[in-house]
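Take a look at the structure set out below.
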There are 2 protein chains.
Amino acid sequence: MRSHEVTETAPRPTLEAVAARAGVSRATVSRVVNGGEGVREPLVERVRRAVEELGYVPNQAARSLVTRRHDAVAVVIAEPETRVFADPFFALQLRGISKELTAHDSQLVLLLTESRDDYARVGRYLAGGHVDGALVFSLHLDDPLPELIRGADVPTVFGGRPGWGEGARGTAPTPYVDSDNRGGARDAVRHLLGLGRSRIAHITGPLDQTSTVDRLDGYRDVMADADPRLVVEGDFTPAGGERAMRELLDRCPDLDAVFAANDLSASGALRALRTLGRRVPEDVALVGFDDMLPVAEQTDPPLTTVRQNTEEMGRLMASLLLRGLDRQGGGGAEEPGAGGAPSGVVLPTTLVRRASA
Amino acid sequence: MRSHEVTETAPRPTLEAVAARAGVSRATVSRVVNGGEGVREPLVERVRRAVEELGYVPNQAARSLVTRRHDAVAVVIAEPETRVFADPFFALQLRGISKELTAHDSQLVLLLTESRDDYARVGRYLAGGHVDGALVFSLHLDDPLPELIRGADVPTVFGGRPGWGEGARGTAPTPYVDSDNRGGARDAVRHLLGLGRSRIAHITGPLDQTSTVDRLDGYRDVMADADPRLVVEGDFTPAGGERAMRELLDRCPDLDAVFAANDLSASGALRALRTLGRRVPEDVALVGFDDMLPVAEQTDPPLTTVRQNTEEMGRLMASLLLRGLDRQGGGGAEEPGAGGAPSGVVLPTTLVRRASA
DNA sequence: TTGAAAGCGCTAACAG
DNA sequence: CTGTTAGCGCTTTCAA
């Protein structure tokens, strides 16, 4: 049906066309399209019909050029590791972000980085003013990305507590959304304690991430005087959890419980325990973190774990950013929650009991 | 440090500013910024310096307005199911897409749909001409999305073989990228045959997806005269795999091998087998599909499976789309691989042997 | 309440 | 090779 000329450019109708059709001026059409404030009803109606008939869709480029809004938000995921693929964590946050952005007619521009070589590109993009704001996931304590973004001077909300000192002099507070990692960890360990366990070990995540640090702190809050050999570093993967568990068992054969920093390492730990002949939960009780259903419900036994509302975190990040944008009309600070509002929003966690503890 | 006036808009330098600084015209600056063809070296140098000093970044909106290019591609993931989160499949494809787009200075706009209610929004967006093209994942046979996108008249490449009739009259061929699902399935089943197994069962994915159909066809290619009770529908999840495995064992207690349509269902099947006292691979040999490392390598025993190069699929999709865009200057057809080129690119799979078969 | 007119920042003919 | 000149499609004063 379609012709095959190279120049076959479907000529999208412009405001002009709609105006002509409706017999009004461009300005009037523009008003109607943008909410119809201050236009008399019959005209509104006529314009609406013309828009409908012509299948008019505003040209976002032209609009941005004058409004300096883009109705787009960048989501930066700076995770060189394979973690992004090993668990559905980011996917769920993305889902939440997407929902919120969609509800506000904003677009999601995804920026994935392979390595730090990509950071310059991301910085340039953000500084280029192509988006109204940024949602940034950068989990590592020494990551230069946050600083770079600060320089780009674009409103930003971080996913997870950023690693640098909160109160650096002269700098604006950095808004972020996080789970109550510390509190959740405390709940987990207390639960184990309540089960009558006393030799409670902890498999951490990578120690250069704030979530790991916070969960470890929670563990220590409750187990202040625990044997330091009961803490082993993992890496949030099943393989790491398995390795850590073996080391733990090696060091402290008498341990009777384990709190793993996430479900994936818990699943690895579970495997090590089974291989080495320990029954769960009879011999060793096990608690995870995340409540990633495909993992936590599928292990044998299913995992008792600390649930964080991952999707809600994403939604909240977007919501905070958008709110800030509305407030200051897209102006240039990474400070959506301005005006002395708390800079970090911490979502509660809940302990989900299954069979492993 | 920063003042707090609402109007604090960092005034980005314009072409004009750079031109003034370099003592040339806007046109010259534009030329340099876009590659510097046909500008004498000393001028190029001066302009470059001015750009550098001012920290000039082109205003994409202004550029798009005239070029009608956006240097952005939409990625549409239409998966209402939770599958997106249950396995890293999309994440890996996204990674591949992102790499390729990045290499071509193109942006990735992510469009996630919750339900079919969102389709209209996606259609509007695509039809709105906000992006140069679209990469679409729509796995279900009866999905109205492809038709909708066809209507939007934007260059598109599909991920996975689309479900509708390839040769519908008068319609352009639909470019897509897929794995050789059928061939991979054949390899899997032949491998099982080679192991001396004869009662080989198949756990399918959801039957409304082309990948499921193709893998089933591959199974049947080799097992033409197999007992029909040896085929049970699964849903690509561990739970589904477990359920299917139980049913299979119930129907055909004498089966000695299983080909599961993906690793996740294989892991579920594995669990059922263990629970019911069958040894893998001694009693029942098991082969999966995907080679999702976090799954295939972590099961006990690790899975023999059919590897598909997921990331490469993503990269190829983007590459195809971009190539098509270059060719026809962004014109309006879903036909990047135009000119009689094959409309579907099918990537080979490879059997990866581990312990389960 | 509506319309006319002036750009937003950039590219692309067209001259010189 | 470089500069001048028109717009791209839209929003937004400013007048009417």
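This structure is a prediction, so every number in the text was calculated from the model and none was measured. A, B, ... follow the sequence lines: proteins, then strands. Residue 1 opens every chain.
A close approach under 4.0 Å does occur between a side-chain nitrogen or oxygen of B:S25 and OP1 or OP2 of D:dG3. Distances shown here put every side-chain N or O of A:T28 at or beyond 4.0 Å from the OP1 or OP2 atom of C:dT2. The side chain of B:S30 places an N or O atom within less than 4.0 Å of a non-bridging phosphate oxygen (OP1 or OP2) of C:dT11.
A:R69 has its CZ atom 16 Å from the C1' atom of D:dC10, to the nearest Å. Atom-to-atom, NE2 of A:H70 to P of C:dG9 comes out at 11 Å; the value is rounded to the nearest Å. B:L54 has its CG atom 15 Å from the C1' atom of C:dG9, to the nearest Å. For B:E16 and C:dT11, the CD to P distance is 13 Å, given to the nearest whole Å. Atom pair A:L65:CG and D:dT12:C1' shows a separation of 13 Å (rounding to whole Å applied). Spacing between atom CZ of A:R46 and atom P of C:dT1 amounts to 16 Å, rounded to whole angstrom units. In this entry the distance linking NE2 of A:H130 with P of C:dC8 reads 19 Å, nearest Å.
The closest donor-acceptor contact from the side chain of B:T113 to the backbone of B:D118 lies at 3.5 Å or more, if one exists at all.
Here the shortest heavy-atom pairing between B:G128 and A:V57 reads CA-CG1, 3.6 Å. Considering all non-hydrogen atoms of both residues, B:R121 and A:T102 come closest at NE-CG2, 3.2 Å.
Nearest nucleotide to the side chain of B:V24, out of C:dG9, D:dG3, D:dT11: D:dG3. Listed nucleotides D:dT11, D:dG3, D:dC8 differ in distance to A:L15; the shortest reach to its side chain belongs to D:dT11. Here the nucleotide nearest the side chain of B:R40, chosen from D:dT11, C:dG9, D:dC1, is D:dC1. Out of C:dG9, D:dC10, C:dC10, the shortest distance to the side chain of A:R68 is found at C:dG9. Of the listed nucleotides (C:dA12, D:dC10, C:dT11), C:dT11 has the atom at the smallest distance from the side chain of B:R63.
Looking at B:R26, its side chain comes within 3.5 Å of the base of C:dT11 through a donor and an acceptor atom. Residue B:R31 places a side-chain atom within donor-acceptor reach of the base of D:dG3, judged by atom type and a 3.5 Å distance cut-off alone.
Between A:E52 and A:R49 there is no salt bridge, since no side-chain nitrogen of the basic residue lies less than 4.0 Å from a carboxylate oxygen of the acidic one.
Using the six-membered ring where Trp is involved, A:Y125 and A:H130 have ring planes that are tilted, between 30° and 60° apart.
Residue-to-nucleotide proximity on DNA chain C shows that, of A:G23 and B:N59, the 5′-proximal contact is made by A:G23. Residue-to-nucleotide proximity on DNA chain D shows that, of B:L43 and A:Y56, the 5′-proximal contact is made by B:L43.
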